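In what follows, chains carry the letters A, B, and so on, assigned in the order in which the sequence lines appear, proteins first and then strands, with residues in each chain numbered from 1. Please read these numbers as outputs of a predicted model, since none were measured by experiment.
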Amino acid sequence: MQNHLSEQEIIRRQYLDELRAMGVDPFPAQAFSVNTHASDLRHRFDTEPDAFKEISLAGRLMSKRNMGKASFAELQDSSGRIQLYINRDQICPGESKELYNTVFKRLCDIGDFIGVRGYGFKTQTGEISVHVQEFFFLAKSLHPLPIVKTDAEGNVHDAFTDPEQRYRKRYVDLIVNPHVKEIFVRRSRLINAMRRYFDERGWLEVETPVLQTIHGGAAARPFHTHHNALDMPLTLRIANELYLKRLIVGGFDGVYEFGKMFRNEGMDRTHNPEFTSMEIYVAYKDYIWMMEMVEDCLEKVITEVHGGTIVAIGNRKIDFKKPYRRLTMYDAIQEYAGIQVEHMDEATLRQYCRSQHIAVEDSMGRGKLIDSIFGEKVEGHLIQPCYITDYPLEMTPLAKKHRSKEGLVERFELYVNGKEIANAYSELNDPIDQKQRFELQLKLAARGDEEAMMMDEDFVHALEYGMPPTSGLGIGIDRLTMLVTGQEAIQEVLLFPQMKPEARHQA
RNA sequence: GAUCUGUUAGCUCAGUCGGUAGAGCAACGGCCUUUUAAGCCGUGGGUCUUGGGUUCGAGUCCCAAACAGAUCACCA
């Protein structure tokens, strides 16, 4: 992709040849045995100095301070950094001083992988370090790394912060920005903690198709693809809900899936074309039970990953301690917009939206209009975790009709920091009602609603065999991770966010 | 999709009224055996994102494009 090498890249390539000429393989094949990590030494040396008398470490050389016949360097392994003290006569006990003078001092660059053996000690200034007795070259790095330095006051100099470069070259970002690595460690722990919570309760982790002939389970535009052998169009899933409910029909008490979803829509700091959701369905439960499960799960999982229930995002502090506030959608609109929409008809709602400069389209039915008012007037106020319950039937074709409130469904969404992070229902299990709901969606589609759901005959057929009363939940894992790690852009919690190719690298 | 902002050395950034490009770190050559943003002396390194235009002359002014970020619209 590059035909022009910088001066520094040319020099590093020349060093490859020089190393080989000296009999040092710049990419040796054999394993290097490691018995200590940087953080072990840093954290335990003061209390257990005897444990570090014969240590070997490996990692990337991140800085070099040569002082003639001795040098200090920093080694970065997966656990962090540790200082090395390398003395010429220690690593070159014989006549030849080439390993120190030439291999280490000249041919070894910042970014190269090295292995060292020696012992732990403290320098005169009190820094825990490795006194290196043996030095091994493990792998050459041909590109110079950004040099990020931190001074005695903790100020970071020359930080590698350009988001474009960081996302395109995430490997470099991870090498030089330790706080970035921490975000992804936390993300993984969060997912594992949730998985443990579900497994402990006996629910089964499953996998359902990504390639679908009928995309269903959510209101969104899909990606289209094509299967050659079958010569048929397929779409990438926008949700896995209808498959998971088929499994409840099949007799599982609880099933869940962490999976990538794909939606062919806009991208911004809270949307990536592919994102991770967790959906779970539990038989013989309803949405009231689900609210209790979700707040219990989040409180436990966040405490486990974060060390407490309070997370900071921007200037705000959000407390995930249960229980969470519960507010019906109509009451929420009453509270924040000052109007009672319950008995308003479509024309009145549309007129209100226009008066408030809320964008409306002719294809919008009553449900979507209410949702627009909610989105415009209420969402931004919901900072602390809050359940919004009881949605208009029209916009929720997969949820069961409310047990006592006409025209509503048993649904809640969990809002945190002004954003929806979870969505749950008492699942609709009446196949005749379900079929009618799909037909209502088809009517909305005919009016021009591009996100209206498609009829899924096989799913209705599955419900006709009987599905127990079931509660289902979807959580946006990326958004939850954003909250737990204090990030305000989804790109910061995705290792490889979607990017357009750079023009200079095309063709 | 709209608006605004940005793109200069490997990295972080200066660049005045339009007059052939600067610093620190990194690199290269020296000196230095407990330093730590190590230090000291010296050297090299640029298609100023791309393409047009104005001008005697453009990193700088104008137009267009690419990519990114922010805000908005849509969505989760």
Please measure how far the [atom1] atom in [N] lies from the corresponding atom in [M], and state the result in whole Å.
N      : M      : atom1 : result
B/rC67 : B/rC28 : P     : 37 Å
B/rC40 : B/rC32 : C1'   : 9 Å
B/rG51 : B/rU71 : C1'   : 29 Å
B/rG10 : B/rA26 : C1'   : 7 Å

Quick one: is A/Arg166 getting a side-chain N or O under 4.0 Å of the B/rA68 phosphate, OP1 or OP2? no
A/Arg13: salt bridge (charged side-chain N to carboxylate O under 4.0 Å, His left out) partners, not counting sequence neighbours: none
Side chains of A/Tyr100 and A/Gln90: do they bring a donor and an acceptor to under 3.5 Å? no
Of the listed nucleotides (B/rC28, B/rC25, B/rG45), which one gets closest to any side-chain atom of A/Ile147? B/rC25
By side chain to side chain contact (heavy atoms under 4.5 Å, CB included) - contacts of A/Ile11 (at least two apart): A/Glu7, A/Gln14, A/Tyr15
Give a yes or no on whether a donor-acceptor pair under 3.5 Å exists between the nucleobase atoms of B/rU35, that is its base, and the side chain of A/Gln83. yes
Look at the side chain of A/Glu420 and the base of B/rA76, then say whether one donor and one acceptor between them are separated by less than 3.5 Å. no
Please give me every residue in residues 61-69 of chain A whose heavy atoms get under 4.0 Å of an atom in RNA chain B, ordered by residue number. A/Arg65, A/Asn66, A/Met67, A/Gly68, A/Lys69
Sugar-phosphate only, base, or nothing, as touched by A/Glu74 at under 4.0 Å among non-hydrogen atoms: nothing
Look at all strands and tell whether A/Tyr100 reaches a base, only sugar-phosphate, or nothing, counting heavy atoms closer than 4.0 Å. nothing
Salt bridge present between A/Arg366 and A/Glu346 (N-O < 4.0 angstrom): no
Short side-chain to backbone donor-acceptor contact, A/Thr150 and A/Gly154, under 3.5 Å: no
